[in-house]
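Reading through the structure tokens given below for one structure.
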Protein chains: 2
Amino acid sequence: MQRIALIGFGTVGQGLAEILLQKENELKKKYGYEWQIVAVSDAMKGSVFCSEGLDVPQLLHLAKENTSLTNYVCSKGCNSREKGWDAVETITKSNADVVCELAYTDLSTGEPAITHCKTAFETGKHIVTSNKGPAALAYRKMKKLADDNNVQFRIEGTVMSGTPILNLVEGPLAGNTIHSVKGIMNGTTNYILSQMEDGMTYNDALQKAKEFGYAEADPTGDVEGYDARAKVTILANVVMGESLNISDVSCQGITEISLDDIAKAKEKNARWKLIGCVENIDDKINAYVRPELMPMTHPLAGIMGATNAVTFNTDLMGDVTIVGAGAGRIETGFSILTDLLKIHKTT
Amino acid sequence: MQRIALIGFGTVGQGLAEILLQKENELKKKYGYEWQIVAVSDAMKGSVFCSEGLDVPQLLHLAKENTSLTNYVCSKGCNSREKGWDAVETITKSNADVVCELAYTDLSTGEPAITHCKTAFETGKHIVTSNKGPAALAYRKMKKLADDNNVQFRIEGTVMSGTPILNLVEGPLAGNTIHSVKGIMNGTTNYILSQMEDGMTYNDALQKAKEFGYAEADPTGDVEGYDARAKVTILANVVMGESLNISDVSCQGITEISLDDIAKAKEKNARWKLIGCVENIDDKINAYVRPELMPMTHPLAGIMGATNAVTFNTDLMGDVTIVGAGAGRIETGFSILTDLLKIHKTT
């Protein structure tokens, strides 16, 4: 029985809870995987803990009604319930085996996620997170702390959650040396560029991306390439074994691409794509995010809409490319589940 | 220390041995993986066994010189050497933990590979194989026998060895229900169709495929779709949990596609591709291999040359596509290595 604490109960946390409920029998039958959510702590929604496992439909109901989790009512009559713990207390005092860190994080400091991860490791709990902060800003330190405490630091959800690339490298590609990782790592900007291919202006395409929920109200992180840059940093550190910081990755977004640029590219039978790349050339690491002109014959040129695609150049298998959806509520929830299953299988 | 017996020492067996040698230090450092090849048995090249591990460079040298393995000379002066064992004796009497079944197999009977697998399981040895026979003709039976004997039946190399799709499903996609698996599963025919797109006749393209080593002297297995059909059968059984036989999969190859058909498709902005598919529609399984007209906007339309691509339609992650090289000496060798590493990690 895997006991889970959720730090953050927004879109991703609720998506995960829904998947766990919906797949409860299937996961037990197929993988022998059984779980309990013993704690939820959310900065806005309050917190609740029960060492014997919380009633997940009730948690989801409270969240959907926008009611505080302190209104949770235990139907089992157990005595171990606690309300009002903050995130650190929840991590320290709960009997969880795994902490899912799904809260908001400041990408310039990585906090509060870095503190949450440290606290979990120091109290012997695994971390599964979709937060880029700890992995992009302090990967080596976090990994070492996890290793030292004999627990896992799992971050599939931090990089293209609809496309399981970290687990692809760890599992099916294991044994290869990876020379480069290159691809379309941000669905929002690829959606905007795809709309511009059809003649829409940048501003109209951005507006449409917001309407579909691909772009945030403040789209800076996507359109300036910062989101892709954090992913490149994580890939460099996890896949290529480097110790890069976000600031080591040069970064240019798509805001200066005009309809005229796109028309000119078309004449040359090519397409502009926002490319993230980390490559090892003669033992020197080159990492960047920038718009690149891809010839139409290149596999990445054909990737349209809010889709991600990454090509690994390997020593034994040549190029292996994986294409999948960008982040979404269920996709990110799944990326957390996949890491929970990994912990289940390996502990 | 994983002790390996190789049944078959042709292209794939030698490719594997080369990779193991070349990556010896890296595999030890990165995965704690250490190995010995304790036995090699090949129907043409003879056989040799040493319980303390054979000298791999010498084995490769003998194979390259086309000299019988019975000329092997032990430099360690150990006494446990045996020569002349056939495959079944090698499996039964050697001290191997894992048997790599890499010999020639008749796809109508699955023999002698099925006997080799049975023998290995019954004597408590894992099987890693790139032979389609056991998996396409007797998957359920083999899997059960392996399970009953608490050993593994690993077959990544049977389906597109340059593209690790079985391990992708078992690992990174675990937790998803897979509704369909559809793709370009035979590199040779995709190469021929790609050449025909450029105006070459079928016969000239086939000739060129033979020159490049993509097509065998007798290309029937590829061009009639039989190779793809065996892969569809294996995917149905392993990925979708079915119990199909090869004969349950309808099959049509590319021999009737003319340059005229291809030109007509081009006018409609489409391309002919040889598609293998297994799909679950309302709990009914539909499995086939046939040429399909793919619109140029479809991701599979852009896959050219001796490349494979498979799209999984999943419940949580939507479509996930993986693109990679078809089979080759090193790629297939790698697919064996990846299964050896899996056994190392999970036992």
Side-chain angles (χ1 to χ4, degrees), chain A residues 15 19-20 22-23 26-27 30-31 33 156 161-177 241 296-304 307 309 311-312 314-325 328 330-331 333-342 344-346, chain B residues 15 19-20 22-23 26-27 30-31 33 156 161-177 241 296-304 307 309 311-312 314-325 328 330-331 333-342 344-346:
Chain A
I19 296 172
L20 285 171
Q22 180 202 327
K23 298 228 162 194
E26 187 187 332
L27 292 170
K30 242 169 135 177
Y31 309 105
Y33 177 68
E156 182 62 66
S161 32
T163 313
I165 69 174
L166 298 180
N167 284 325
L168 179 69
V169 171
E170 184 182 319
L173 295 186
N176 282 284
T177 298
M296 288 297 288
T297 51
H298 193 287
L300 293 178
I303 307 296
M304 304 303 273
T307 304
T311 300
F312 298 90
T314 70
D315 61 342
L316 298 178
M317 302 180 75
D319 282 351
V320 176
T321 301
I322 185 156
V323 185
I330 291 297
E331 288 84 352
F334 168 79
S335 72
I336 304 299
L337 171 63
T338 200
D339 279 348
L340 292 173
L341 281 174
K342 272 252 167 173
H344 164 65
K345 275 187 202 168
T346 53
Chain B
I19 295 172
L20 284 171
Q22 179 203 326
K23 298 229 161 194
E26 187 186 331
L27 292 171
K30 241 169 134 176
Y31 310 105
Y33 177 68
E156 182 63 64
S161 32
T163 314
I165 68 172
L166 299 180
N167 284 326
L168 179 68
V169 172
E170 185 182 317
L173 295 187
N176 282 285
T177 297
M296 289 297 286
T297 51
H298 193 286
L300 293 177
I303 306 296
M304 304 303 275
T307 304
T311 300
F312 298 89
T314 70
D315 61 342
L316 299 178
M317 301 180 74
D319 282 351
V320 176
T321 301
I322 184 157
V323 185
I330 291 298
E331 287 86 352
F334 168 79
S335 71
I336 305 298
L337 170 63
T338 199
D339 278 347
L340 292 173
L341 281 175
K342 272 251 166 176
H344 164 66
K345 275 188 205 171
T346 54

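Below, chains carry the letters A, B, ... as their sequence lines are ordered, and counting in each starts from 1.
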### Query
In Å, rounded to the nearest 0.5 Å, how long is the span from CD of A:E331 to OG1 of A:T163?
8.5 Å

### From B:T338 atom OG1 to B:L340 atom CG, the distance as rounded to the nearest 0.5 Å
9.0 Å

### Query
CG/B:D315 to CD1/A:I330 distance, rounded to the nearest 0.5 angstrom?
9.5 Å

### Message
Please report the interatomic distance CD1(A:I165) to CG(A:L168), rounded to the nearest 0.5 Å.
### Response
8.0 Å

### Message
Looking at chain B, which one of A:G175, A:A301, A:A325 has the largest number of heavy-atom pairs inside 4.5 Å, strictly under?
### Response
A:G175

## Note on the structure
Turns out that what part of B:T311 lies under 4.5 Å from chain A's heavy atoms comes down to neither

### Task
Quick one: which of B:L166, B:V323, B:T177, B:L337 has the most heavy-atom pairs under 4.5 Å with chain A, could you say?
B:V323

### Summary
Sorted by chain and residue number, the side chain to side chain contact (heavy atoms under 4.5 Å, CB included) partners of A:E170 (sequence neighbours excluded) come out as A:R154, A:N167, A:K342

### Query
Of the backbone (N, CA, C, O) and the side chain (C-beta and beyond), which part of A:E156 lies under 4.5 Å from a heavy atom of chain B, both, or neither?
neither

### Task
Sequence neighbours left out, what passes side chain to side chain contact (heavy atoms under 4.5 Å, CB included) with A:T314? Give chain and number order.
A:N176, A:I178, A:F312, A:M317

### Query
A:L341 versus chain B, heavy atoms under 4.5 Å apart: side chain, backbone, both or neither?
side chain

### Task
With a 4.5 angstrom heavy-atom cut-off, could you sort out which part of A:L173 is near chain B: side chain, backbone, both or neither?
both

### Message
At a 4.5 Å cut-off on heavy atoms, which part of B:I322 comes close to chain A: side chain, backbone, both, or neither?
### Response
both

### Task
Check each atom of A:T346 against the heavy atoms of chain B and say whether the ones under 4.5 Å are side chain, backbone, both or neither.
neither

